[in-house]
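Structure first, then comments.
Read the numbers this way: they start at 1 and go in the same order the structure lists the ligands and their atoms.
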Amino acid sequence: MKELLHIAALAALLSVASAWTSRVHPNCSYADIEGSWMFYEGERNLNNSAQCLSVDPVRVTKVQLYYPNQATDQFGNVGTWTLLYNNAFEVLINGRKYFTFSYAEMIDNYFIRSLCNQTYPGWSYDVTLRHWSCFYGVKETQTGTKLHADNFKTAQNNFVMTTEYQKKFVREINSKQNSWKAKAYEQFNGKTAEEMFRMSGGRRDIPVEKPQPSAVTEEQRKRASLLPRHWDWRNVDGVNYVSPVRNQLSCGACYAFAVMGMLESRLRIRTNNTYQPVLSVQDAIDCSDLVGGCDGGYAYQLSRYALEQGVVEEQCRPYNANNGQCLANTCDRIYVSDYSFVGGYYGACNEVLMQEALLNNGPIAVGMVASSYSFPMYSGGIYRDLQISARSDFYPFEYTDHAVIIVGYGEDAESGEKYWIVKNSWGDTWGEEGYFRIRRGTNEASIESDAFEASPIP
Ligand SMILES: *[C@@H]1O[C@H](CO)[C@@H](O)[C@H](O)[C@H]1NC(C)=O
Ligand SMILES: *[C@@H]1O[C@H](CO)[C@@H](O)[C@H](O)[C@H]1NC(C)=O
Ligand SMILES: *[C@@H]1O[C@H](CO)[C@@H](O)[C@H](O)[C@H]1NC(C)=O
Ligand SMILES: *[C@@H]1O[C@H](CO)[C@@H](O)[C@H](O)[C@H]1NC(C)=O
């Protein structure tokens, strides 16, 4: 009883509005999260409308998390877990899933203190989606707290993109290398630093720490040698399984376009192109508590939403590129049956596993860290990220976490250079008709570090 009273006091302390913007985003890595946790869980009498703004604990589960993906509980059951980028984690044990965001606090409206030993209130349920409850975690072993300057606040905020800047960037990019070509785009003129940021990932308090791809094993190398050298879901024996390129405009919802685009193509593949929906980004970003709408979010979290709540077609909630109210609707919902990082957990991904996931299941969503002022200028070729240094006469290149969709791969006929074929969400006049190619096998722009897939149910 004493224990539960103590828990209740802590619960009050930890209660918080669960919306993305009211959460401070921490920088918690594997080393911070692995270890022994107590999950304090409320009554299991909720459903998928549970917001989990606070927790009234009635049950404690002890969970041990081992690097990289094994979990055990106090009864000796063995399960799995994964870190989600650097701000959340998900545990699957004993037939239940626990998902929660790591805790952080803002200091002086400028610094972020990550408290990786505790979490915001999160969600738990049976894998059959029954017995929903809210819970929060407290780590038994103390981890040191970390302090960071808010990345976004240190960014150059009074920058406005002009033709002159673009010309300068283009000249510099094209003079430095000839793997890819840059050009100026009318559509970027007049955009502020914030808008350029939003186009490719949106606001991040703290940059995401990308894991290195896992080493390709001998076994994987053998399997890879049997794979086709070229693949393109836009042209499989003359048939296109990829939905049209969209334009996210100045809303940081790339992660949602990446997930919806992946699901759209996979629905086409699974129905032999008889079902070709365009899915509503707006409905998902307005209604999911797990992502930040136009302020950014992650493919994993959005796919979890697609499993729990389902997604609707575009005509049900057309895109307006702004954050909006979640409006109830009675449209048919499409669900996913599962979702995961390629390889099974964050950090398990590599080139071969990505090729296999792409060939077996359809297009995959990927995160990429690219400079927000050089990547947008891409007009064609095989992209490589440029380490362009900041110069006194223009603004430093900010790195952003963009999300895109891999639809194929190949090798350059002349140079033999391997590349991915990637669908962007900046309209079909950008790049190679809305697509770009990027060097493959070298984790270029971190594109091989956190590929992600989900299975839609047609
Ligand atoms: C985030 O944490 C990792 C691991 O502790 C560290 O290497 C990295 O520098 C941190 N990021 C920032 C922005 O401080
Ligand atoms: C879900 O729970 C809420 C609040 O407890 C309740 O109002 C609602 O009717 C429930 N919905 C369903 C479908 O059971
Ligand atoms: C987490 O760690 C910090 C710093 O060591 C400590 O002050 C805090 O009480 C810990 N949180 C919990 C819930 O134990
Ligand atoms: C798939 O669609 C194509 C083109 O309409 C058709 O020729 C083919 O028979 C279909 N495949 C199956 C298994 O129905």
Side-chain angles (χ1 to χ4, degrees), residues 3-16 18 23-24 26-29 31-58 60-63 65 87 89 98 100-107 111-126 128-148 233-242 265-276 287 289 305 307-310 326 328-331 333 335 362 458:
E3 169 84 21
L4 278 184
L5 276 178
H6 160 74
I7 296 167
L10 191 58
L13 198 77
L14 286 171
S15 90
V16 67
S18 73
R23 264 194 314 261
V24 181
N27 179 31
C28 298
S29 54
D32 302 313
I33 302 298
E34 66 178 331
S36 180
W37 285 84
M38 302 297 261
F39 287 170
Y40 297 101
E41 195 182 334
E43 293 281 3
R44 294 180 175 178
N45 59 359
L46 305 176
N47 60 36
N48 71 350
S49 63
Q51 285 192 296
C52 293
L53 302 181
S54 64
V55 184
D56 196 359
V58 296
V60 187
T61 305
K62 189 171 171 172
V63 175
L65 304 179
N87 55 58
F89 59 97
Y98 297 84
T100 188
F101 291 96
S102 294
Y103 193 75
E105 57 194 17
M106 202 74 177
I107 296 172
F111 292 106
I112 292 166
R113 177 182 287 145
S114 300
L115 291 158
C116 304
N117 58 331
Q118 56 194 63
T119 76
Y120 285 104
W123 293 261
S124 172
Y125 47 67
D126 297 351
T128 52
L129 288 177
R130 296 196 184 94
H131 296 143
W132 284 61
S133 68
C134 302
F135 83 102
Y136 62 86
V138 175
K139 198 176 170 194
E140 283 192 319
T141 38
Q142 297 286 309
T143 14
T145 58
K146 297 198 236 174
L147 204 61
H148 310 284
W233 280 110
R234 294 170 304 175
N235 181 356
V236 181
D237 297 328
V239 181
N240 174 21
Y241 293 94
V242 181
S265 286
R266 289 176 168 221
L267 287 166
R268 288 176 178 225
I269 293 166
R270 283 165 192 212
T271 62
N272 193 23
N273 260 334
T274 57
Y275 182 42
Q276 304 193 334
C287 295
D289 282 340
Y305 173 82
L307 183 139
E308 292 170 352
Q309 318 287 350
C326 176
N329 60 58
T330 55
C331 305
R333 303 194 85 82
Y335 296 87

**Request:** Could you tell me which residues satisfy side-chain contact (heavy atoms from CB on, under 4.5 Å) with L307, sequence neighbours excluded, listed by chain and number?
**Result:** Y125, L129, V336, Y339
**Request:** With heavy atoms of Q118 as the reference, note each atom of ligand 3 found under 4.0 Å away.
**Result:** 1 (C), 10 (C), 11 (N), 12 (C), 13 (C)
**Complete:** One finds that the ligand 3 atoms under 4.0 Å from a non-hydrogen atom of V138 are 13 (C), 14 (O)
**Request:** Collect the protein residues that have a non-hydrogen atom under 4.0 Å from ligand 4 and hand them over in chain and number order.
**Result:** N272
**Asked** Is any side-chain heavy atom of E41 less than 4.5 Å from a side-chain heavy atom of V60?
**Response** no
**Message:** Regarding T274 and N272, do their side chains bring together a donor and an acceptor under 3.5 Å, going by distance alone?
**Reply:** no
**Asked** Hey, are the side chains of S114 and H148 touching, using non-hydrogen atoms and a 4.5 Å cut-off?
**Response** yes
**Residue from Y120, F101, W37, Y103 passing ring-ring contact (aromatic ring centres under 6.0 Å, His included) with F89** = W37
**Asked** Which of these, Y40, Y98, W123, sits in a ring-ring contact (aromatic ring centres under 6.0 Å, His included) with F135?
**Response** Y98
**Prompt:** Would a distance-only check, ignoring hydrogens and angles, find a side-chain to backbone donor-acceptor pair under 3.5 Å from K146 to N27?
**Reply:** yes
**Fill in**
Within 4.0 Å of some non-hydrogen atom of N47, the atoms of ligand 2 are 1 (C), 2 (O), 3 (C), 8 (C), 10 (C), 11 (N), 12 (C), 14 (O)
